[in-house]
Novice: 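Mind having a look at this structure? Questions to follow.
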Amino acid sequence: PSIFIVAMTLSGLFVGPLLDRHSIRGIMCLGTLLTAGCLAAMSRATELWQLALLFGIGMAIGVTTMGPLASSTLAAKWFRRSIGRAQGLTNVGGPAGAALFAVASGIGVQQLGWRTTLLLYAALILLALPAIWRVVRNSPQDMDQWPDGDPGPPE
């Protein structure tokens, strides 16, 4: 886990500016594909170093690009008055997901084996891809809207 934490922290230094300059939706979709790909590849790993590289580096970058950093950036662009509430709601997903996946992983590994459980997780993450593509927009202005649903500036 320490490789993962270091890689996630360092990747945030590069992903943050990308989220400011490029399509958040596109970056989140790439992160989703990377995360799912790493999970699928981990299910085929035969050496410990492969797991360390795929999880510690690949998954860290994938999670950074599709997780809390991206959702916090979106919340900051879409909300002004209730930014604290928006940030709180977007950031509850990580810990809640980790708790849920910890329990599900235990059951999955026991019932299906670790390789099959990783493949199942890869498939579940890919299921999020159409929703991300359909719902995520960089800013309210991309949809002729304004933060907090406010009317636009006077013309």
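As the structure is a prediction and not an experimental result, all values here were calculated from the model.
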Novice: Donor-acceptor check, side chain of Gln111 to backbone of Ile107, threshold 3.5 angstrom: yes or no?
Specialist: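 Flag not set: sc Gln111 to bb Ile107 has no pair under 3.5 Å.
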Novice: Can you give me the closest heavy-atom contact between Pro147 and Pro140, atom names plus distance?
Specialist: N-CG, 3.6 Å
Novice: At what distance, to the nearest 0.5 angstrom, does OG1 of Thr117 lie from CG of Leu112?
Specialist: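 Going from OG1 on Thr117 over to CG on Leu112, the span is 5.0 Å.
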Novice: Applying a strict under-4.5 Å side-chain criterion to I, L, V, M, F, W and Y, I'd like to know whether Val135 and Val92 cluster together.
Specialist: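 Different clusters.
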Novice: Answer yes or no: is there a donor N or O on one side and an acceptor on the other, between the side chain of Asp148 and the main chain of Arg81, under 3.5 Å?
Specialist: yes
Novice: So which atom in Gly12 and which in Pro17 form the shortest heavy-atom distance, rounded to 0.1 Å?
Specialist: O-CD, 4.2 Å
Novice: Would you find a donor on one side and an acceptor on the other, under 3.5 Å apart, between the side chain of Arg25 and the backbone of Arg137?
Specialist: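 Judged by distance alone, no pair lies under 3.5 Å.
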Novice: Any idea which heavy atoms bring Ile24 and Leu19 closest together, and the distance?
Specialist: CG1-O, 3.6 Å
Novice: Give a yes or no answer on whether the side chain of Arg44 reaches the backbone of Arg115 with a donor-acceptor pair at less than 3.5 Å.
Specialist: no
Novice: Could you tell me how the ring of Phe55 sits relative to the ring of Phe4: parallel (under 30°), tilted (30 to 60°) or perpendicular (over 60°)?
Specialist: parallel
Novice: Minimum heavy-atom separation for Ala36 to Ala122, with atom names?
Specialist: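 So the two residues come closest at O-CB, 3.4 Å.
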Novice: Do other residues, nucleotides or ligands put more than 12 heavy atoms under 6.0 Å from the CZ atom of Arg85?
Specialist: no
Novice: CG of Leu53 to CD of Glu47: how many Å apart, nearest 0.5 Å?
Specialist: 12.5 Å
Novice: Check the hydrophobic clustering (I, L, V, M, F, W, Y; side-chain heavy atoms under 4.5 Å; chains of links allowed) and say if Leu33 and Leu127 are grouped together.
Specialist: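 No; Leu127 is not reachable from Leu33 via cluster members.
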Novice: Considering all heavy atoms of both residues, which atom of Leu126 and which atom of Pro130 are nearest to each other, and what is their separation?
Specialist: O-CD, 3.5 Å
Novice: Mind checking whether Trp133 and Leu74 sit in one hydrophobic cluster, side chains of I, L, V, M, F, W, Y counted as touching below 4.5 Å?
Specialist: no
Novice: Are Leu10 and Leu69 grouped together when hydrophobic residues (ILVMFWY) are joined by side-chain heavy atoms under 4.5 angstrom apart?
Specialist: no
Novice: Judged by atom type as modelled, is there a donor-acceptor pair below 3.5 Å linking the side chain of Gln87 to the main-chain atoms of Ser72?
Specialist: yes
Novice: Of the non-hydrogen atoms in Ile83 and Ala76, which two are nearest, and what is the gap between them?
Specialist: CD1-CA, 3.4 Å
Novice: So, the side chain of Ser11 versus the backbone of Met8: is there a donor-acceptor pair under 3.5 Å, distance only?
Specialist: yes
Novice: Quick one: are Cys29 and Leu129 in side-chain contact, heavy atoms under 4.5 Å?
Specialist: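 When only atoms from C-beta onward are counted, Leu129 and Cys29 do touch, with a gap below 4.5 Å.
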Novice: Rounded to the nearest 0.5 Å, what separates atom CG in Leu18 from atom CD1 in Ile27?
Specialist: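 Answer for the CG-CD1 pair, Leu18 versus Ile27, is 5.0 Å.
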Novice: Is there a chain of hydrophobic side chains (I, L, V, M, F, W, Y, each step under 4.5 Å between heavy atoms) that links Met59 to Met28?
Specialist: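 No, Met59 does not connect to Met28 through the hydrophobic network.
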Novice: Can you measure from OG1 (Thr35) to CG (Leu54) and round to the nearest 0.5 angstrom?
Specialist: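 CG of Leu54 is found 11.5 Å from OG1 of Thr35.
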Novice: As an exercise, state the distance from CG of Leu30 to CD1 of Ile61, rounded to the nearest 0.5 Å.
Specialist: 12.0 Å
Novice: Just wondering, are more than 12 heavy atoms of other shown residues or ligands nearer than 6.0 Å to CZ in Phe14?
Specialist: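 For Phe14, atom CZ is not crowded (no more than 12 foreign heavy atoms under 6.0 Å).
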Novice: Measuring from atom CG of Asp142 to atom OG of Ser139, what distance do you get when rounded to the nearest 0.5 angstrom?
Specialist: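 Answer for the CG-OG pair, Asp142 versus Ser139, is 3.5 Å.
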Novice: Could you verify whether a donor N or O on one side chain and an acceptor N or O on the other, from Ser43 and Tyr121, lie under 3.5 Å apart?
Specialist: no
